[in-house]
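What follows is a set of notes on a single structure, which appears directly below.
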Amino acid sequence: MQHPGDKKALTILAAAAAAVVVLIAGLTAVLVVTSDDDHVPTVSVQAGDTFVQVQPAYWCERDMTDCTPADPRTAQQVPTQVARAATPVGSTMLLTVPEEIASGPWFAFAQYATPKGLQRVVTLNRSDSKYTMELTSTPDRVLLGVDIQSVATVLDNSPNGLNSADGSILMRGVFSVDARPDGYTVTNVTELPDTRA
């Protein structure tokens, strides 16, 4: 024999079970829509108390197909995407790339302000060799920013492949960080030659 309170409890239990079924169906739909096929990697940056996930200006497959949001070779203008992670003088920025970037060669282009002018330091990281970099900002070498570029397997304007006199290797993605310390002003804007790390 059921009591009136039992009916109310069964109704609440049935409503809760229906809500759980709806929640599971919704989460499943979200997981299907955001599957790895649509995954765009991010670069993790830690500077002082700031942690940011840097989105790419664009991201393509290694063969320069399936570019998001646009193919940089055909787009009128590639959108600019710059994350802010102020790196105070005397501190270090930690930059970590995901497997999608580290599994192939990638470049880091760090820009510094020095007493002699602006110095860009270029680091080429080989496949599966490095996931994290430390970039230190000092009074004589103030970190202004860094670009991470992931190398594609496509050559542009290179009819003879690697033996072409002209042409260039395309980048499948570009991630940019503004690291200029808050309130910092560059005093010498002379551009110095690039150096390699």
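No donor-acceptor pair closer than 3.5 Å links the side chain of Q119 to the backbone N or O of V121.
Residues L94 and V89 do not share a hydrophobic cluster, defined by chaining ILVMFWY side chains whose heavy atoms lie under 4.5 Å apart. A chain of hydrophobic side-chain contacts below 4.5 Å, direct or via other Ile, Leu, Val, Met, Phe, Trp or Tyr residues, connects L155 to L124. Neither L118 nor V122 shares a network with the other; the hydrophobic side chains, linked directly or stepwise wherever heavy atoms of I, L, V, M, F, W or Y lie under 4.5 Å apart, form separate groups for each.
T185 is linked by a side chain to side chain contact (heavy atoms under 4.5 Å, CB included) to nothing, counting only residues two or more places apart in sequence or in another chain. The side chain to side chain donor-acceptor pair (under 3.5 Å) check on N125 picks up nothing, with sequence neighbours excluded. D63 is linked by a salt bridge (Lys or Arg N to Asp or Glu O under 4.0 Å) to nothing, counting only residues two or more places apart in sequence or in another chain. Residues satisfying the side chain to side chain donor-acceptor pair (under 3.5 Å) test with D182, not counting sequence neighbours, are R84. Contacts of S44 classified as side chain to side chain donor-acceptor pair (under 3.5 Å), with partners at least two apart in sequence or in another chain: Q53. Contacts of D66 classified as side chain to side chain contact (heavy atoms under 4.5 Å, CB included), with partners at least two apart in sequence or in another chain: E61.
Between V177 and the choices L144, V54, V43, the side-chain contact (heavy atoms from CB on, under 4.5 Å) rule is met once, by V54.
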Open item on the list: If you apply the rule side chain to side chain contact (heavy atoms under 4.5 Å, CB included), what do you find for I148 with V174, and how did you get there?
Closed with: CA-CA 6 Å; I148 300 299; V174 176; over 6 Å; no
Open item on the list: Could you walk me through whether R180 and V142 satisfy the side chain to side chain contact (heavy atoms under 4.5 Å, CB included) test, starting with their C-alpha distance in whole Å, then the side-chain angles of each, then the deciding distance to 0.1 Å, before giving a yes or no?
Closed with: CA-CA 8 Å; R180 184 184 314 254; V142 178; over 6 Å; no
Open item on the list: Could you walk me through whether D140 and T114 satisfy the side chain to side chain contact (heavy atoms under 4.5 Å, CB included) test, starting with their C-alpha distance in whole Å, then the side-chain angles of each, then the deciding distance to 0.1 Å, before giving a yes or no?
Closed with: CA-CA 5 Å; D140 289 337; T114 72; over 6 Å; no
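A pairwise comparison of heavy atoms in A85 and V45 identifies CB-CG1, 3.8 Å as the closest pair. When all heavy atoms of A86 and P181 are compared, the pair lying nearest together is CB-CA, 4.4 Å. Nearest heavy-atom pair, G48 versus Q46, reported as atom, atom and distance to 0.1 Å: O-NE2, 2.6 Å. P41 approaches F175 most closely through the heavy-atom pair O-CE2, 3.4 Å. Shortest non-hydrogen contact noted between Y58 and A70 is CB-O, 3.9 Å.
Membership of the apolar cluster around L170 extends to M64, V154, as traced through chained side-chain contacts below 4.5 Å between ILVMFWY residues.
Evaluation of the disulfide bond (SG atoms under 2.5 Å apart) test over residues 47-104, restricted to residues two or more places apart or in two chains, returns C60-C67. Sorted by first and then second residue, the salt bridge (charged side-chain N to carboxylate O under 4.0 Å, His left out) pairs involving residues 40-59 (not counting sequence neighbours) form an empty list.
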Enumerate, atom names and distances included, each donor-acceptor pair closer than 3.5 Å involving a side-chain atom of residues 132-139, sequence neighbours excluded.
residue : atom : partner : partner atom : Å
T132    : OG1  : T96     : OG1          : 3.1
T136    : OG1  : T92     : OG1          : 3.1
S137    : OG   : L143    : N            : 3.1
T138    : OG1  : R141    : N            : 3.2

Considering only distance and modelled atom types, tabulate donor-acceptor pairs under 3.5 Å from the side chains of residues 189-197, sequence neighbours left out.
residue : atom : partner : partner atom : Å
T190    : OG1  : N188    : OD1          : 2.7
D194    : OD1  : R120    : NE           : 3.3
D194    : OD2  : R120    : NE           : 3.2
D194    : OD2  : R120    : NH2          : 2.7

Less than 3.5 Å apart, which donor and acceptor atoms pair up between the side chains of residues 99-107 and the rest of the protein, not counting sequence neighbours?
residue : atom : partner : partner atom : Å
E100    : OE2  : H39     : NE2          : 2.9
S103    : OG   : R62     : NH2          : 2.5
S103    : OG   : E99     : O            : 3.0
W106    : NE1  : K130    : O            : 3.4

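Using a 4.5 Å heavy-atom threshold, the side chains of W59 and S150 count as touching.
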